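Reading through the structure tokens given below for one structure.
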Number of protein chains: 2
Amino acid sequence: MPEQPVPEQLPGHRPTLEAVAERAGVSRATASRVVNGGDGVRAHLVEKVREAVQELGYVPNPAARTLVTRRTGAVAVIIAEPEIRIFSDPFFSRQIRGISKELTAHDTQLVLLLVEDRGDYDRIERYLAGGHVDGALAFSLHTDDPLPAITRRVGMPTVYGGRPGWAPVSGGHGGVAYVDADNRGGAREAVRHLLDQGRRRIAHIAGPLDQTSAVDRLDGYRDVLLDADPALIAEGDFTAAGGAEAMAGLLERCPDLDAVFAANDLMATGALRVLRERGLAVPGDVALVGFDDAELVAESADPPLTTVRQDIEGMARLMAQLLLRTLDKAQGDRAVPASVVTPTALVRRAST
Amino acid sequence: MPEQPVPEQLPGHRPTLEAVAERAGVSRATASRVVNGGDGVRAHLVEKVREAVQELGYVPNPAARTLVTRRTGAVAVIIAEPEIRIFSDPFFSRQIRGISKELTAHDTQLVLLLVEDRGDYDRIERYLAGGHVDGALAFSLHTDDPLPAITRRVGMPTVYGGRPGWAPVSGGHGGVAYVDADNRGGAREAVRHLLDQGRRRIAHIAGPLDQTSAVDRLDGYRDVLLDADPALIAEGDFTAAGGAEAMAGLLERCPDLDAVFAANDLMATGALRVLRERGLAVPGDVALVGFDDAELVAESADPPLTTVRQDIEGMARLMAQLLLRTLDKAQGDRAVPASVVTPTALVRRAST
DNA sequence: CCGTTCGCCGGGAGCGCTCTCAGGCTCCCG
DNA sequence: CGGGAGCCTGAGAGCGCTCCCGGCGAACGG
């Protein structure tokens with residue numbers, strides 16, 4: 001690929017469309033038409049304008065463009081997570097990555113908004129209301145999250161990652177679009193797998209029950225174990241430490257358990273540590289299943305974790321696609337895209 | 001905190017400064033002055049304008065503002081990393097987080113640009129040239145990275161995370177500003193610590209030597225072990241798998257080694273696994289030191305890793321500060337801020 | 001050969017804001 | 001009481017772009 005000699009913009013000011021037009025000997029309107037695709041402009045003029053653009057190193061001024069079109073070509077990604085998880089979970093990176101891929105493929109920019117504490121929501125609202133972005137993607141809503149109210153108030157098209165607490169599970173709408181993994185189905189599969197292995201006292205370490213993913217996984221567990229002993233269920237917080245604590249509690253209450261289904265891999269590793277400390281063999285004495293198939297966690301655990309995989313990056317891309325599609329047609333009419341639930345898959349490794 | 005009744009913007013169009021001015025009975029100019037701080041406007045008019053803003057739910061149009069001020073209030077964060085690392089390393093999250101904190105504290109937005117392959121650099125250049133952002137922060141440059149050429153060409157103020165390959169080590173400039181940890185000093189401390197423990201055959205698993213952080217850590221190792229046996233040095237790639245491979249090679253060449261200094265924690269965990277597989281006790285037979293004090297890696301390793309901590313988040317914040325300061329005063333004159341090298345600290349755990 | 005249609009181009013308005021500049025007012029000092 | 005200094009304010013230009021609309025020429029049908 002030959003290096004294009006890009007003209008340096010030393011003269012302080014960048015060339016405007018006006019300059020391009022003049023150089024090409026056409027009007028500003030025609031130059032604009034060419035820059036935006038060139039439909040309805042005769043070929044030789046298109047050529048001339050393109051040359052002028054090249055020679056001057058013209059790049060459109062996005063602010064001017066946004067001012068008149070009322071589109072920014074940017075999308076906000078809002079991530080609200082307590083410190084701990086964001087650090088430890090590679091989730092974050094993978095989601096961002098999936099979104100980034102999809103957005104750049106559509107020439108759309110990614111503006112990242114991290115929410116540290118509740119006070120930040122004012123800032124977020126101002127930002128969204130300001131028209132800096134055309135739409136928003138948001139993750140991991142908790143039941144009392146103020147975000148939905150905000151996006152509705154400012155009329156910002158938004159797609160959520162993970163089913164929000166107040167949204168119906170069925171593909172239905174409820175005025176909100178989301179992409180979620182089939183948490184309940186995945187949980188069912190995990191538990192059935194444990195049953196298939198001959199396990200009978202199957203415990204569950206749930207996630208924080210103010211998150212729908214945790215609730216759905218618990219529901220999946222109960223779907224299969226209709227008459228599960230409540231003592232076999234402990235609530236964790238999706239961290240390894242929380243998983244360890246929950247495991248300790250479970251062992252105390254039910255020393256006879258022979259399997260554990262943890263609502264995520266991190267908690268499973270915590271559980272693993274406790275089991276090992278107590279001298280219980282995995283999977284010999286206790287079989288263990290996680291959820292997520294988290295990079296660097298599930299596979300490198302000792303023993304490697306059987307777990308339920310969800311396609312994080314694919315889900316993230318899907319979110320972006322949904323949003324972009326809405327923005328494309330919306331342009332006025334408020335079409336809410338349908339939500340999508342993506343399948344999960346059991347990955348069998350040595351822990352069961 | 002009483003909920004402010006935010007007026008919904010149903011009438012399609014948002015109120016303009018004009019509308020605010022009219023409602024407040026002042027000129028657009030005065031309204032603008034109030035919105036931008038209100039200096040030089042008499043108190044009662046300030047009050048009136050503020051009220052009008054409240055009542056109408058006015059939010060300035062950033063595009064219009066940018067068009068005239070030529071400032072966007074946004075900064076690009078450019079991250080170029082091969083797949084593997086970005087997924088596995090919590091680095092990414094922590095850097096982003098530090099930057100985000102600093103930027104939002106200065107009312108500046110964060111536009112994320114992820115580089116997947118070299119073809120993306122064209123896109124990046126166009127974007128930066130487009131004037132979407134006022135400055136850029138970039139990470140992990142490799143020696144042949146095209147980014148510096150781009151930022152220079154489009155005249156984009158940029159601060160690098162980690163010393164770029166062509167930049168001098170000394171606090172000096174070379175026309176480029178960066179923030180880096182004291183990799184060399186940290187490495188020296190790690191190796192001296194191993195010596196203090198009575199170790200004599202100290203190996204080093206280096207990072208990829210096209211990254212300055214890897215080179216600097218290797219240099220630090222050599223600073224202390226002036227006459228180190230070249231056979232004691234292996235090159236990894238900063239991943240666990242690479243660390244394992246390097247460790248295997250080292251054991252083959254030098255079965256008598258009694259300590260390993262790995263250039264990051266991930267490689268240290270890989271090494272750990274290999275050592276365990278070979279039946280070598282850590283730290284009994286071989287002492288092990290990592291680098292980074294990576295979340296979820298160093299502390300939760302078995303045994304927990306002695307490692308060199310660097311303050312990722314602090315460094316990231318520093319980068320943002322440096323850039324913002326440049327942007328503040330620059331506004332025309334091209335002041336390049338001085339680079340900063342931040343200290344590291346040895347964290348002693350059970351692996352030595 | 002003329003009228004009409006259609007395709008293509010240019011003029012010009014206007015998006016919402018900032019900022020310069022001139023003018024008006026007040027206030028103080030002589 | 002007059003005049004100058006200083007402080008506020010408003011008018012207006014203009015940032016760079018898109019897009020409507022009017023006009024002009026070519027083409028085509030009658």
Side-chain angles (χ1 to χ4, degrees), chain A residues 9 11-50 52-53 56-74 126 129-132 134 331-332, chain B residues 9 11-50 52-53 56-74 107 129-132 134 331-332:
Chain A
Q9 296 326 322
H13 265 27
R14 292 165 35 194
T16 72
L17 193 55
E18 186 82 51
V20 172
E22 194 183 356
R23 182 163 190 123
V26 299
S27 74
R28 203 173 56 243
T30 299
S32 172
R33 278 186 272 260
V34 173
V35 169
N36 293 288
D39 307 322
V41 178
R42 267 185 318 224
H44 73 280
L45 285 188
V46 171
E47 185 57 27
K48 281 186 126 171
V49 173
R50 293 245 160 91
V53 166
L56 296 176
Y58 169 76
V59 182
N61 180 321
R65 193 175 261 178
T66 295
L67 186 55
V68 35
T69 60
R70 296 166 177 296
R71 292 205 89 211
T72 62
R126 267 201 313 280
H132 289 83
D134 300 329
Q331 274 303 59
Chain B
Q9 297 325 324
H13 265 28
R14 292 164 34 194
T16 72
L17 194 55
E18 187 82 52
V20 171
E22 194 183 355
R23 182 162 192 125
V26 299
S27 74
R28 204 174 55 242
T30 299
S32 172
R33 278 186 272 262
V34 172
V35 169
N36 293 289
D39 308 321
V41 178
R42 263 184 322 219
H44 72 281
L45 286 187
V46 171
E47 186 57 27
K48 281 186 125 171
V49 173
R50 294 245 159 94
V53 166
L56 296 175
Y58 170 76
V59 182
N61 180 321
R65 192 175 264 176
T66 296
L67 186 55
V68 35
T69 59
R70 294 163 180 296
R71 294 205 87 210
T72 62
D107 240 345
H132 289 84
D134 300 328
Q331 274 302 62

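Keep in mind that what you see is a predicted model, and the values were worked out from it rather than measured. Residue numbers start from 1 in every chain, and the chains themselves are labelled A, B, ... in the order their sequence lines are given, proteins ahead of strands.
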Polar pairs (N or O, both sides) under 3.5 Å between protein and nucleotides 18-25 of chain D?
residue: D:dT18; atom: OP1; partner: A:N36; partner atom: OD1; Å: 3.4
residue: D:dT18; atom: OP1; partner: A:N36; partner atom: ND2; Å: 3.1
residue: D:dT18; atom: OP1; partner: A:R65; partner atom: NE; Å: 2.8
residue: D:dT18; atom: OP1; partner: A:R65; partner atom: NH2; Å: 3.3
residue: D:dT18; atom: OP2; partner: A:S32; partner atom: OG; Å: 2.6
residue: D:dT18; atom: O4; partner: A:R28; partner atom: NH2; Å: 3.1

Take the protein atom CZ of A:R70 and the nucleotide atom P of D:dC17, then report the distance between them rounded to whole Å. 18 Å
All heavy atoms of A:H132 vs all of A:A74, minimum pair found to be O-CB, 4.2 Å
Can you name the closest pair of heavy atoms from A:V26 and A:L45 and give their distance? CG1-CD2, 3.8 Å
Going by the rule side-chain contact (heavy atoms from CB on, under 4.5 Å), which residues pair with A:A129 if we only count those two or more places apart in sequence or in a different chain? A:V154, B:V59
Results of side-chain contact (heavy atoms from CB on, under 4.5 Å) for B:E18 - residues two or more places apart only: B:T16, B:R28
Enumerate donor-acceptor pairs with a distance under 3.5 Å from any side-chain N or O in residues 29-39 of chain B to protein atoms, sequence neighbours excluded.
residue: B:T30; atom: OG1; partner: B:S27; partner atom: OG; Å: 3.4
residue: B:S32; atom: OG; partner: B:N36; partner atom: ND2; Å: 3.4
residue: B:N36; atom: OD1; partner: B:R65; partner atom: NH2; Å: 3.3
residue: B:N36; atom: ND2; partner: B:S32; partner atom: O; Å: 2.8

Go through residues 37-46 of chain B and report each residue with a non-hydrogen atom lying under 4.0 Å from DNA chain C, sorted by number. none
Applying side-chain contact (heavy atoms from CB on, under 4.5 Å), name anything that partners B:R42, two or more places apart in sequence or on another chain. B:H44
Output all residues satisfying side-chain contact (heavy atoms from CB on, under 4.5 Å) with B:A64, sequence neighbours left out; order by chain, then residue number. A:L67, B:N61
Could you check how far CD of A:E18 sits from P of C:dG10, rounded to whole Å? 12 Å
For the helix from C:dC1-D:dG30 to C:dG30-D:dC1, how many degrees between its two end axes (five pairs per end), to the nearest 10°? 50°
Rounded interatomic separation in angstrom, taking NE2 from B:H132 and P from D:dG16: 15 Å
Spacing between A:L67 atom CG and C:dT18 atom C1', to the nearest angstrom: 12 Å
For the atom pair CZ (A:R126) and CG (B:D107), what is the distance rounded to the nearest 0.5 Å? 7.0 Å
Does A:S27 have a side-chain nitrogen or oxygen under 4.0 Å from the phosphate oxygens OP1 or OP2 of C:dG10? yes
CZ-CZ distance between A:R70 and B:R14, expressed to the nearest 0.5 angstrom: 8.0 Å
Heavy atoms only: give me the nearest A:G73-A:D134 pair and the separation to one decimal. N-OD2, 2.9 Å
What is the distance from CG of B:N61 to C1' of C:dT18, rounded to the nearest Å? 13 Å
